[in-house]
K.L.:
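Supplied in structure tokens, the structure appears directly below.
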Amino acid sequence: MSPMMRGTTDNGLLLPVPDADGEAFWTYAARGELRIQSCADCGGLRFPPRPCCPRCQSFATEWRLVSGRGHIWSYVRPHPPLLPGYAEQAPYNVVLVELADAPGIRLVGNPVSAPHAALDSVDPALLRVGAPVRAVFAEIAPGVTVPRWLLERP
């Protein structure tokens, strides 16, 4: 089994393991687009992706393009790292971002100083609940692109 199929890189970093419901999210991310699954009948947004709308129980699905702007809802700085593959970058920042144009939708990721910067590239003193951020995209392994977060000025 290849490292990609196990959900990790050769150096032990975690990779997303898309399922049938979430595969489109990762396809759009590879194009540099942040899209959130929505119900084609009632318009309700949902994340994580799933087959049925929790509001109206419809199975009709669309992927709505969102701005990628949001704010830090919560954050943590793990040290020591929980997984050995992250030891070189520890301590590093992890944020939970609530999207500005999709209230209630929150994504986990890393705040970085540039799309391909190290996970420890942002001074933790700059992080605060409510800080504005915007999504950027980084290819972290061949064919695997993830959203990361740049701090914006308030």
Side-chain angles (χ1 to χ4, degrees), residues 1-38 44-51 54 61 63-154:
M1 181 181 288
S2 77
M4 295 273 294
M5 293 183 72
R6 287 193 314 266
T8 60
T9 63
D10 288 334
N11 62 2
L13 299 180
L14 294 176
L15 294 174
V17 181
D19 60 10
D21 297 318
E23 186 174 359
F25 176 86
W26 301 107
T27 299
Y28 288 120
R31 296 181 196 165
E33 297 178 7
L34 188 59
R35 290 186 181 252
I36 301 297
Q37 188 184 48
S38 66
L45 295 173
R46 58 186 187 258
F47 194 89
R50 49 196 174 268
T61 298
W63 286 87
R64 187 176 307 164
L65 180 65
V66 294
S67 69
R69 295 198 182 310
H71 67 271
I72 295 175
W73 194 80
S74 185
Y75 62 95
V76 67
R77 186 162 170 84
H79 52 124
L82 302 178
L83 299 170
Y86 292 84
E88 277 186 32
Q89 298 189 59
Y92 53 89
N93 305 303
V94 179
V95 293
L96 182 59
V97 172
E98 185 168 64
L99 298 177
D101 46 359
I105 301 294
R106 298 181 187 124
L107 304 177
V108 175
N110 300 103
V112 289
S113 59
H116 293 282
L119 298 184
D120 64 350
S121 64
V122 171
D123 179 352
L126 298 174
L127 299 179
R128 62 178 172 72
V129 170
V133 293
R134 70 177 168 87
V136 293
F137 297 89
E139 186 175 49
I140 60 169
V144 180
T145 300
V146 299
R148 291 182 167 183
W149 303 95
L150 291 180
L151 287 170
E152 294 193 310
R153 295 184 187 261

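What's counted below: heavy atoms across the whole structure, side chains too, no hydrogens, waters or symmetry copies.
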K.L.:
Nearest 0.5 Å, please: how far is CG in Asn93 from CG in Leu126?
P.N.:
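Reported value, rounded in 0.5 Å steps: 9.0 Å.
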K.L.:
Please report the interatomic distance OG(Ser121) to CD(Gln89), rounded to the nearest 0.5 Å.
P.N.:
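One finds 9.0 Å between OG of Ser121 and CD of Gln89.
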K.L.:
Rounded at 0.5 Å granularity, tell me how far CG in Leu127 sits from CD1 in Ile72.
P.N.:
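CD1 of Ile72 is found 5.0 Å from CG of Leu127.
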K.L.:
Do you know the tightest heavy-atom contact between Tyr86 and Leu14?
P.N.:
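Heavy atoms of Tyr86 and Leu14 come nearest at OH-N, 2.8 Å.
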K.L.:
Between Val66 and Ile105, is there a side-chain heavy-atom distance shorter than 4.5 Å?
P.N.:
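Sidechains of Val66 and Ile105: no contact.
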K.L.:
Output the distance between atom OG (Ser74) and atom CD (Glu98), rounded to the nearest 0.5 Å.
P.N.:
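Atom-to-atom, Ser74:OG and Glu98:CD are 11.5 Å apart.
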K.L.:
Within the 4.5 Å heavy-atom criterion, are Tyr75 and Val129 side-chain neighbours or not?
P.N.:
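A side-chain contact under 4.5 Å exists here.
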K.L.:
Looking at every non-hydrogen atom in both residues, tell me the closest pair between Ala138 and Arg148 and how far apart they are.
P.N.:
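Between these two residues, the closest heavy atoms are CB-CD, 4.0 Å.
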K.L.:
How far apart are the closest heavy atoms of Leu13 and Gly85, and which atoms are they?
P.N.:
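Heavy atoms only, the tightest pair is CD2-O, 3.2 Å.
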K.L.:
Run the side-chain contact (heavy atoms from CB on, under 4.5 Å) check on Val108 and Val95 step by step: do they pass?
P.N.:
CA-CA 6 Å; Val108 175; Val95 293; over 6 Å; no
K.L.:
When rounded to the nearest 0.5 angstrom, what is the spacing between CG in Leu45 and CZ in Arg35?
P.N.:
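Result: 12.5 Å between the selected atoms.
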K.L.:
A quick test of your reading: do over 12 heavy atoms of other residues, nucleotides or ligands sit less than 6.0 Å from CD of Glu88?
P.N.:
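No - once you tally the heavy atoms of other residues, nucleotides and ligands closer than 6.0 Å, there are 12 at most.
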K.L.:
Where do Val133 and Trp149 come nearest, in terms of heavy atoms and distance?
P.N.:
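So the minimum-distance heavy-atom pair works out to CG2-CE3, 3.8 Å.
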K.L.:
Considering all heavy atoms of both residues, which atom of Phe137 and which atom of Thr145 are nearest to each other, and what is their separation?
P.N.:
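Between these two residues, the closest heavy atoms are CB-CG2, 3.7 Å.
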K.L.:
So does Glu23 have more than 12 non-hydrogen atoms from other groups sitting under 6.0 Å from CD?
P.N.:
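Count not over threshold, so no.
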K.L.:
When you compare the side chain of Trp63 with that of Pro49, does any pair of heavy atoms fall below 4.5 Å?
P.N.:
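Heavy-atom side-chain distance check passes, below 4.5 Å.
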K.L.:
Where do Leu34 and Phe25 come nearest, in terms of heavy atoms and distance?
P.N.:
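The answer is CD1-CE1, 3.8 Å.
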K.L.:
Distance from Arg50 atom CZ to Asp21 atom CG, nearest 0.5 Å?
P.N.:
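Arg50 atom CZ to Asp21 atom CG measures 9.5 Å (nearest 0.5 Å).
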K.L.:
Check whether NZ of the Lys or CZ of the Arg Arg106 lies under 6.0 Å from the centre of the six-membered ring of Trp73 and within 45 degrees of that ring's axis.
P.N.:
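Yes; both conditions hold, so Arg106 lies above the ring face of Trp73.
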